[in-house]
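Only a predicted model underlies this, so the values are computations on that prediction, with no experimental measurement involved.
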Amino acid sequence: MSNAVSGLPVGRGLLYLIVAGVAWGTAGAAASLVYRASDLGPVALSFWRCAMGLVLLLAVRPLRPRLRPRLRPRLRPAVREPFARRTLRAGVTGVGLAVFQTAYFAAVQSTGLAVATVVTLGAGPVLIALGARLALGEQLGAGGAAAVAGALAGLLVLVLGGGSATVRLPGVLLALLSAAGYSVMTLLTRWWGRGGGADAAGTSVGAFAVTSLCLLPFALAEGLVPHTAEPVRLLWLLAYVAAVPTALAYGLYFAGAAVVRSATVSVIMLLEPVSAAALAVLLLGEHLTAATLAGTLLMLGSVAGLAVAETRAAREARTRPAPA
């Protein structure tokens with residue numbers, strides 16, 4: 001089924017989200033290589049990630065009209081989104097993205113990677129499911145609730161199953177703030193997508209611009225220009241982080257999140273730690289543990305179950321007779 005306004009089929013939206021989740025998972029491995037090659041801090045890296053991603057999106061934006069003519073006859077005429085609404089959407093999404101990224105990095109610094117990841121990515125689906133139910137009228141149902149529970153259990157096993165973790169209250173609160181920023185970003189993307197006129201590429205450009213402005217003063221305080229003995233390698237790593245897990249992944253995320261139910265989006269995005277764990281085993285020499293395997297299987301099963309349910313719901317909505 002296609003979204004009535006954007007023309008993007010729900011199945012393709014699910015594929016976009018899966019690719020985005022996997023791409024996001026590569027950012028952690030790339031960031032670890034950046035830290036090894038330079039003294040760049042996490043906030044500065046986040047700034048360069050968004051700023052360079054913005055430049056890439058602006059560079060390819062003139063090429064987009066050449067790809068559209070074949071699709072136009074099949075779609076309804078596009079509704080021009082008012083400038084005030086585009087500005088509001090870019091501002092709110094950009095602030096949400098800045099809070100999401102910066103609070104997560106601060107939570108990692110405060111309470112460690114494992115706890116920060118579990119709290120941020122675990123609280124996200126819960127907050128989004130509640131927000132979607134209250135604000136958007138989207139219901140999970142028993143199967144959806146079971147899939148969310150399975151995904152959260154898999155996340156817990158995947159991240160905490162490999163060793164000990166220290167829980168610090170300030171770090172937990174920062175992780176919850178990060179989850180709130182991610183939840184607001186996801187819910188508003190879905191809400192604006194249902195209203196019509198939203199442009200995924202425009203959303204990405206606006207969000208990256210606002211996020212870059214929000215992060216700039218903190219990045220300057222941390223140290224904006226890195227020192228490195230391998231400038232070419234560092235530049236390639238930063239280019240990859242800006243291109244794949246940022247410009248590409250967020251563009252796909254905003255497109256998919258506009259047509260797929262919010263709770264489903266939040267669970268599919270849990271592919272990020274699965275992808276990161278796989279890369280850690282394959283490229284960084286970490287060992288494949290029973291916890292890693294069990295958590296990965298639980299999360300993949302939950303994602304697959306929700307994807308099937310989402311596709312079935314879209315098919316039923318398409319065949320349902322219109323009200324008289």
| Do you know the tightest heavy-atom contact between Ser183 and Leu127? | OG-CB, 3.4 Å
| request: Output, in order, the C-alpha distance, side-chain angles, deciding distance and verdict of side-chain hydrogen bond (donor to acceptor under 3.5 Å, both in side chains) for Thr186 and Tyr253. | output: CA-CA 9 Å; Thr186 300; Tyr253 163 80; 2.5 Å; yes
| Verdict with reasoning, Leu215 to Thr211, per side-chain contact (heavy atoms from CB on, under 4.5 Å) | CA-CA 6 Å; Leu215 292 178; Thr211 303; 3.8 Å; yes
| query | Got Arg233 and Leu33 here, is their nearest side-chain heavy-atom distance under 4.5 Å? | reply | yes
| query | Does a side-chain heavy-atom distance below 4.5 Å link Leu234 with Pro226? | reply | yes
| Do Phe218 and Val210 sit in the same hydrophobic cluster, where Ile, Leu, Val, Met, Phe, Trp and Tyr count as joined when their side-chain heavy atoms come under 4.5 Å apart? | no
| message | Whether the side chain of Thr246 engages the backbone of Gly53 through a donor-acceptor N/O pair (distance < 3.5 Å, no angle test) should be reported. | response | no
| field | Sub-4.5 Å side-chain heavy-atom contact between Leu57 and Tyr250 | value | no
| message | Counting C-beta onward and ignoring hydrogens, is there a side-chain heavy-atom pair between Leu216 and Phe47 closer than 4.5 Å? | response | yes
| note | In terms of heavy-atom contacts, Leu45 and Ala31 come closest through CD2-CB, 3.6 Å
| task | Taking Ser46 for its side chain and Pro42 for its backbone only, find out whether a donor-acceptor pair lies under 3.5 Å. | result | no
| request: Identify the heavy atoms of Gly223 and Ala44 that sit nearest to each other, and give their distance. | output: O-CB, 3.5 Å
| query | Mind checking whether Leu173 and Leu177 have side chains closer than 4.5 Å, heavy atoms only? | reply | no
| For Val34, does its backbone N or O pair with a side-chain atom of Ser38 as donor and acceptor, under 3.5 Å? | yes
| said: If you define the side chain from C-beta out and look only at heavy atoms, does anything of Phe208 sit under 4.5 Å from Leu97? | reply: yes
| said: Quick check on the hydrophobic clustering: are Leu235 and Val244 connected, directly or via other members, by side-chain heavy-atom contacts under 4.5 Å? | reply: no
| said: Tell me whether Thr228 contacts the main-chain N or O of Ala37 through its side chain, where contact means a donor paired with an acceptor under 3.5 Å. | reply: yes
| message | I'd like to know if the side chain of Asp39 and the backbone of His227 have a donor-acceptor N/O pair within less than 3.5 Å. | response | yes
| request: Could you tell me if the ring centre of Tyr182 sits under 6.0 Å from that of Tyr104? | output: no
| message | When you group the ILVMFWY residues by side-chain heavy-atom contacts below 4.5 Å and let the links chain together, are Leu54 and Trp24 in the same group? | response | yes
| task | Locate the shortest heavy-atom distance separating Ala249 from Ala20; write the atom from each residue and the value. | result | O-CB, 3.4 Å
| request: Verify, without hydrogens or angle tests, whether Trp48 (side chain) and Leu224 (backbone) share a donor-acceptor contact under 3.5 angstrom. | output: yes
| task | Determine whether Leu252 and Leu17 make a side-chain contact, defined as any pair of heavy atoms from C-beta on separated by less than 4.5 Å. | result | no
| What's the spacing between Leu58 CG and Ser204 OG if we round to 0.5 Å? | 11.0 Å
| request: Run the numbers on Val184 and Thr93 for side-chain contact (heavy atoms from CB on, under 4.5 Å), then give the verdict. | output: CA-CA 8 Å; Val184 169; Thr93 305; over 6 Å; no
| task | Without swapping roles, check the side chain of Arg190 against the backbone of Ala258 for a donor-acceptor pair under 3.5 Å. | result | yes
| field | Shortest non-hydrogen contact from Ser212 toward Ala51 | value | OG-N, 3.3 Å
| task | Give the minimum heavy-atom separation between Thr189 and Ala257, together with the two atoms involved. | result | CG2-CB, 3.7 Å
| Is a side-chain N or O of Arg89 found less than 3.5 angstrom from the main chain of Gly206, in a donor-acceptor match? | no
| query | Leu248, Val205: one ILVMFWY side-chain cluster at the under-4.5 Å cut-off? | reply | yes
| query | Same hydrophobic cluster for Ile18 and Val259, using side-chain heavy-atom links shorter than 4.5 Å among ILVMFWY? | reply | yes
| Check against side-chain contact (heavy atoms from CB on, under 4.5 Å), Ser178 and Gln101 | CA-CA 7 Å; Ser178 175; Gln101 290 194 23; over 6 Å; no
